[in-house]
Amino acid sequence: GGGGGGAGAGSGGGSAEDREFLYQALQQASRGHEAELSRALELLRVLPGGGGSEDLGQGELEEAQAEALENLIDIVGEPDFAVGLLQKGGGEVLLSASESPAQDAGIRALALTAVGTCAQNCPEAQVLLAGCRSLERLLALLDRKEAEPASLSAQVLFALGSLVRGNAVATGELVRRGGGLRGLVGLPGQTRELLKPVVDARARARAFRLAAYLVEHAPGEAAAAVATGAVTDAALALECEHSGVVDAALAFLSKLADRVAADPVISEALTPLRKVLAGLEARRSQTGDDTDEVRGILGILE
């Protein structure tokens, strides 16, 4: 019977020895992560064909960078590690990698995803990234005229969204510097038309999600949504094949519908969408998909 008592004692909260073992294991894991993050930054500082890449061929360097970035993205989902990386100058390294035309587009996309992952739900990381002028640099990437940033738009929008969410200062900056919704719609003289059907589906969905956030949190953005024709873009998006785009456009219209009581102009802009929304509700009922959001908007427009 004594053996049984021993087993029971071991499982009840753990001895000081167990706790010490756990603490050491966590410390070791933490040191392992620190080393991995430092290694990733070192690899990213090496530009293809630049100094320091002699020991790695171009393909090998890209492979090593991609693997290091994928690990980094896993690790910085934990806010403490995100802050630690940025305190080491990681924001500058990641942004520089994402901006560099010499870098492979896949590496640039991963670097942008890493920026967004650091900023997500982490006010301290958002502040550290603001110190790298990240907002204006991300906006500049969206505005590049060369072909390849089009393929990076989804990641740029993810990074931008992560940077401004829950951050009133950054949200205000996005409206002031980036034109807010007007910037996403792409008014004359601007290269961005991120809500249009020609845009890559993931980027278009992200743009609608960002638009929904702006309507909810930035003064004047609901009016801008109506003035810029974003409502028409959303109506087109509701008939798109890509469910991510449909959901994002719906989220955007839902945030606008919440403003109907305060602004009759919004009601007027949304009313013509009743037919499209009813069609979507019917399709979703048939496929067994969620119709709550569509019903909610239709209820407001009754």
Side-chain angles (χ1 to χ4, degrees), residues 25-120 122 125 128-129 131-163 199-203 205-206:
L26 287 170
Q27 289 288 91
Q28 209 167 338
S30 178
R31 278 195 294 276
H33 285 335
E34 294 289 338
E36 269 185 89
L37 293 176
S38 297
R39 166 92 179 126
L41 293 186
E42 270 165 42
L43 278 167
L44 285 175
R45 286 191 176 101
V46 179
L47 276 181
S53 62
E54 298 81 15
D55 52 338
L56 289 169
Q58 169 112 19
E60 288 176 302
L61 175 63
E62 275 168 20
E63 216 170 287
Q65 286 176 329
E67 195 181 323
L69 276 166
E70 280 162 7
N71 289 340
L72 181 146
I73 290 163
D74 277 346
I75 296 168
V76 297
E78 188 60 54
D80 286 350
F81 287 118
V83 170
L85 177 82
L86 297 173
Q87 284 170 338
K88 279 202 207 53
E92 186 54 51
V93 177
L94 290 170
L95 286 162
S96 296
S98 67
E99 288 164 333
S100 166
Q103 282 287 17
D104 170 71
I107 300 295
R108 294 174 68 187
L110 283 168
L112 286 162
T113 302
V115 171
T117 308
C118 282
Q120 245 179 343
C122 182
L128 286 163
L129 281 163
C132 306
R133 301 188 359 271
S134 50
L135 189 82
E136 56 194 279
R137 290 166 77 172
L138 291 167
L139 287 169
L141 268 180
L142 271 189
D143 283 335
R144 282 212 188 157
K145 298 278 198 295
E146 311 97 273
E148 45 39 57
S151 67
L152 294 174
S153 295
Q155 288 86 2
V156 177
L157 286 163
F158 166 62
L160 270 175
S162 299
L163 205 61
V199 176
D200 160 74
R202 279 191 324 148
R206 291 244 163 93

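- The CD atom of E99 sits 11.0 Å away from atom CG of L94, with the distance rounded to the nearest 0.5 Å.
- The CG atom of L43 sits 11.0 Å away from atom OG of S38, with the distance rounded to the nearest 0.5 Å.
- Between C118 atom SG and L86 atom CG the span is 4.5 Å, to the nearest 0.5 Å.
- The minimum heavy-atom distance between C132 and R137, with the atom names listed, is O-NH1, 3.1 Å.
- Between atom CZ of residue R45 and atom CD of residue Q65 there is a gap of 12.5 Å, rounded to the nearest 0.5 Å.
- Shown are L95, I107, L160, L152; of these, the side chain to side chain contact (heavy atoms under 4.5 Å, CB included) with L112 is made only by L152.
- In this structure, V83 and C122 approach most closely via the heavy-atom pair CG2-SG, 3.8 Å.
- Taking each heavy atom of L44 and A97 in turn, the nearest pair found is CD2-CB, 4.2 Å.
- The two residues V156 and L138 have their closest heavy-atom pair at CG1-O, 3.4 Å.
- In terms of heavy atoms, A159 sits closest to V115 at CB-CG1, 4.2 Å.
- We find that E34 and K88 are joined by a salt bridge, their nearest charged nitrogen and carboxylate oxygen being less than 4.0 Å apart.
- Using a 4.5 Å heavy-atom threshold, the side chains of L85 and V93 count as separate.
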Full working for side-chain contact (heavy atoms from CB on, under 4.5 Å) between L163 and S134: CA-CA 8 Å; L163 205 61; S134 50; 3.3 Å; yes
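- For E63, there are no side chain to side chain contact (heavy atoms under 4.5 Å, CB included) partners, not counting sequence neighbours.
- Summarising the geometry, atom OG1 belonging to T113 is positioned 11.0 Å from atom CG belonging to L72; distances are rounded to the nearest 0.5 Å.
- A203 approaches L157 most closely through the heavy-atom pair O-CD1, 3.3 Å.
- D104 CG to E62 CD: the interatomic distance, rounded to the nearest 0.5 Å, is 4.0 Å.
- Put simply, the side chain of R206 never gets that close to the backbone of F158: no donor and acceptor are under 3.5 Å apart.
- Enclosure of atom CD in E136 by more than 12 non-hydrogen atoms of other residues, nucleotides or ligands within 6.0 angstrom is indicated.
- Contact of the L141 side chain with the S98 side chain is registered, since non-hydrogen atoms from C-beta on lie closer than 4.5 Å.
- In this structure, the side chain of S100 does not engage the main chain of S96 through any donor-acceptor pair within 3.5 Å.
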